[in-house]
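Side chains included, hydrogens not; waters and symmetry mates left out as well; all remaining heavy atoms used.
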Amino acid sequence: MKFTILAPGSRGDVQPYVALGVGLSRAGHAVRVVTTRDHHALVEAHALELAAVPFDVQAALSAPPVARALERSSLLALRSFREIALKAARLTAEVGLEAGRGADVLVAGFSGAFLAEGIARRLDLPLVQAYNVPLTPTAAFPGALTPWLDFGPRSRRLGHVLSRQAVWMTARMSSDDTRRKLLGMPSAPRFAPSRFAGLVEGPVLYGYSTSVLPRGPEWGEDVEVTGFWFLDEPAGFAPPAALADFLAEGSPPVCIGFGSMSQRDPRRVTALVLEAINRAGVRAILLSGWGQLTAQRLPPGVFALESAPHSWLFPRCAGVVHHGGAGTTAAALRAGVPSLVVAFHGDQPFWGQLVHRAGAGPRPLLHRKLTVDELARGLSVLTHDAAVRKRAQALGAVIRAEDGVRDAVKALARLATR
């Protein structure tokens, strides 16, 4: 079968769908991935066909006004995402429409489902929604954007309604014009349809582990939970020699990085992180990423690099400090090491709470309120709390025994023939 996967967005948005693409390809299916300029190398490194969108998400998110908005509040973050998405929506739709021709199935997640619905209808293709963050309402756990609404079944259901509406509004404001003018869709309603399991009509796959988050007991047969969708490092990967030497010369370090989260003042944040490392007395690796953690001179016991495959690096660390993106959270859990979430916005506090409730890390922190003392205490928990380390190791063993990509590939092939 021929699958076209719509996967615009940040690295965390894209990587799970590259993992699905690799699984589909290994199962003998043809795969085409539609993504933005900053992820071309990722797609091509895993030998998947690329349909290139001429837009750079990293550059857009790193612009100073956007970085300030992302740090200050969820509302401002949603507005900034909308402005970026407005610029990318038409380009993504144009490339996606062409890439969908000749496909048997269209697959999309949060950042592509709204446009994918229009492309699927235009080309008369089945659409499967594949999400790594829960969106279908349930009373079993709170909504991904409203983890504080967790004081009874009604509050949790309300949280899911609000979370869906927030995602719907962002998608509608950024993509409705493109859907109408390019794809011939009617204007989308102001409120998210409640009759669908996903954002739009069609079956839904969830790429997370039920060992971390249960399946909603109210969910129907059109919803499947497969396990996390992990993308391992490309065959033949070898770490930089300096990184290998650093890992070998002392105790396992703590890995600290904030993924695709841009920051107004990376030097200030780096100074805070370095002071916390010093107070906690730990070795550390700083992943600069899009967050641009940087320092001209690093103290002994601290190593900096731009990025490294989480599947390779995290198991070699004592713990991980990260922003709480779904993919990074999953990678840390799989590695069996404790993690501390320093949340910026969106679903990150939700994942931070799940890690803490699972016993695999301390209480999550908020980036905008982060202090040296809080981070130093969190680093000490990661490296010295035996109960947390034991629980993280046990949970990691359970997750490593699962194969979410394999199960998702089987589900995609089955759903595509309905």
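- Using a 30° and 60° split on the angle between ring planes, H367 and F258 fall in the perpendicular class, above 60°.
- Although no hydrogens or angles enter the test, the distance criterion places a donor-acceptor pair under 3.5 Å between the side chain of S174 and the main chain of A171.
- You'll find the side chain of S211 reaches within 4.5 Å of the side chain of I399, heavy atoms only.
- Looking only at side-chain heavy atoms (C-beta outward), L6 and I119 come within less than 4.5 Å of each other.
- A 4.5 Å side-chain heavy-atom check between L286 and L274 finds at least one atom pair inside the cut-off.
- One distance of note links CG of L183 with CZ of R121; it measures 11.0 Å at 0.5 Å rounding.
- A salt bridge does not link R391 to D385: none of the charged nitrogens lies less than 4.0 Å from a carboxylate oxygen.
- Between E49 and R32 the shortest heavy-atom distance is OE2-NE, 2.9 Å.
- The aromatic rings of Y206 and Y131 are tilted relative to each other, their planes meeting at an angle between 30° and 60°.
- Here the side chain of R164 pairs a donor or acceptor atom with the backbone of G198 at under 3.5 angstrom.
- Judged by distance alone, with hydrogens and angles left aside, the side-chain atoms of Q353 form no donor-acceptor pair with the main-chain N or O of F350 at under 3.5 Å.
- Under a 3.5 Å cut-off, the side chain of R157 and the backbone N or O of P137 do not form any donor-acceptor pair.
- Looking only at side-chain heavy atoms (C-beta outward), V95 and F55 stay at 4.5 Å or farther from each other.
- Heavy atoms of other residues, nucleotides or ligands lying less than 6.0 angstrom from CZ of R215 number more than 12.
- Distance OG1/T92 to CG/L97: 12.0 Å, rounded to 0.5 Å.
- Side chain of T146 to backbone of G159: a donor-acceptor contact under 3.5 angstrom is found.
- Within the 4.5 Å cutoff, side-chain heavy atoms of D403 are placed close to those of V405.
- Side-chain atoms of S339 do not come within 3.5 Å of backbone N or O of G361 as any donor-acceptor pair.
- Atom NE2 of H40 has more than 12 heavy atoms from other residues, nucleotides or ligands within 6.0 Å.
- Aromatic ring pairs are classed by plane angle as parallel below 30°, tilted from 30° to 60° and perpendicular above 60°; the pair W351 and F228 is tilted.
- Atom CG in D177 sits 11.0 Å away from atom CZ in R172 (nearest 0.5 Å).
- Shown here for V342 and L366, the closest heavy-atom pair between the two residues is CG1-C, 4.4 Å.
- To the nearest 0.5 Å, atom CD of residue Q15 and atom CH2 of residue W229 are 13.0 Å apart.
- When every heavy atom of S187 is checked against every heavy atom of D176, the shortest pair comes out as OG-OD2, 2.9 Å.
- Side-chain N or O atoms of H323 include none that pairs as donor or acceptor with a backbone N or O of H345 at under 3.5 Å.
- When each of I256, L340, V341 is paired with H322, the side-chain contact (heavy atoms from CB on, under 4.5 Å) condition holds for V341 and for no other.
- Annotation: E94, atom CD; neighbour count of heavy atoms from other residues, nucleotides and ligands within 6.0 Å is above 12.
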(request) Before giving the answer on side-chain contact (heavy atoms from CB on, under 4.5 Å), spell out for L247 and I285 the whole-Å C-alpha distance, their side-chain angles and the decisive distance to 0.1 Å. (result) CA-CA 9 Å; L247 289 169; I285 293 175; 4.0 Å; yes
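- Heavy-atom minimum distance, W312 versus P239: CZ2-CG, 3.3 Å.
- Across every non-hydrogen atom of A7 and T35, the tightest pair is O-OG1, 2.7 Å.
- Closest of all the heavy-atom pairs between P142 and L149 is CB-O, 3.5 Å.
- In this structure, E44 contributes its side chain and L50 its backbone to no donor-acceptor pair below 3.5 Å.
- S155 contributes a side-chain N or O that, together with a main-chain N or O of G152, makes up a donor-acceptor pair within less than 3.5 Å.
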(message) Walk me through whether E224 and W219 qualify under side-chain contact (heavy atoms from CB on, under 4.5 Å).
(response) CA-CA 9 Å; E224 298 195 35; W219 296 350; over 6 Å; no
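- Distance CE/M1 to CG/L24: 9.5 Å, rounded to 0.5 Å.
- Residues T371 and D373 bring no donor and acceptor atom of their side chains to less than 3.5 Å of each other.
- A 4.5 Å side-chain heavy-atom check between W168 and L199 finds at least one atom pair inside the cut-off.
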(request) Take L162 and Q165, measure what side-chain contact (heavy atoms from CB on, under 4.5 Å) needs, and give me the verdict at the end. (result) CA-CA 5 Å; L162 296 176; Q165 184 61 23; 5.7 Å; no
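- Side-chain N or O atoms of R316 include none that pairs as donor or acceptor with a backbone N or O of A244 at under 3.5 Å.
- With F114 as the aromatic partner, R179 meets the cation-pi criteria of under 6.0 angstrom to the ring centre and within 45 degrees of the ring axis.
- Remark: R101 CZ is packed, more than 12 non-hydrogen atoms of other residues, nucleotides or ligands lying under 6.0 Å away.
- A 6.0 Å sphere centred on CZ of F237 holds more than 12 heavy atoms belonging to other residues, nucleotides or ligands.
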(request) Run the numbers on F246 and R283 for side-chain contact (heavy atoms from CB on, under 4.5 Å), then give the verdict. (result) CA-CA 10 Å; F246 177 79; R283 283 167 30 95; 3.5 Å; yes
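- In this structure, Y208 and N132 have side chains that are not in contact, with every pair of non-hydrogen atoms separated by 4.5 Å or more.
- To the nearest 0.5 angstrom, S163 atom OG is 4.0 Å from L145 atom CG.
- In this structure the side chain of L243 reaches within 4.5 angstrom of the side chain of F303, judged on heavy atoms.
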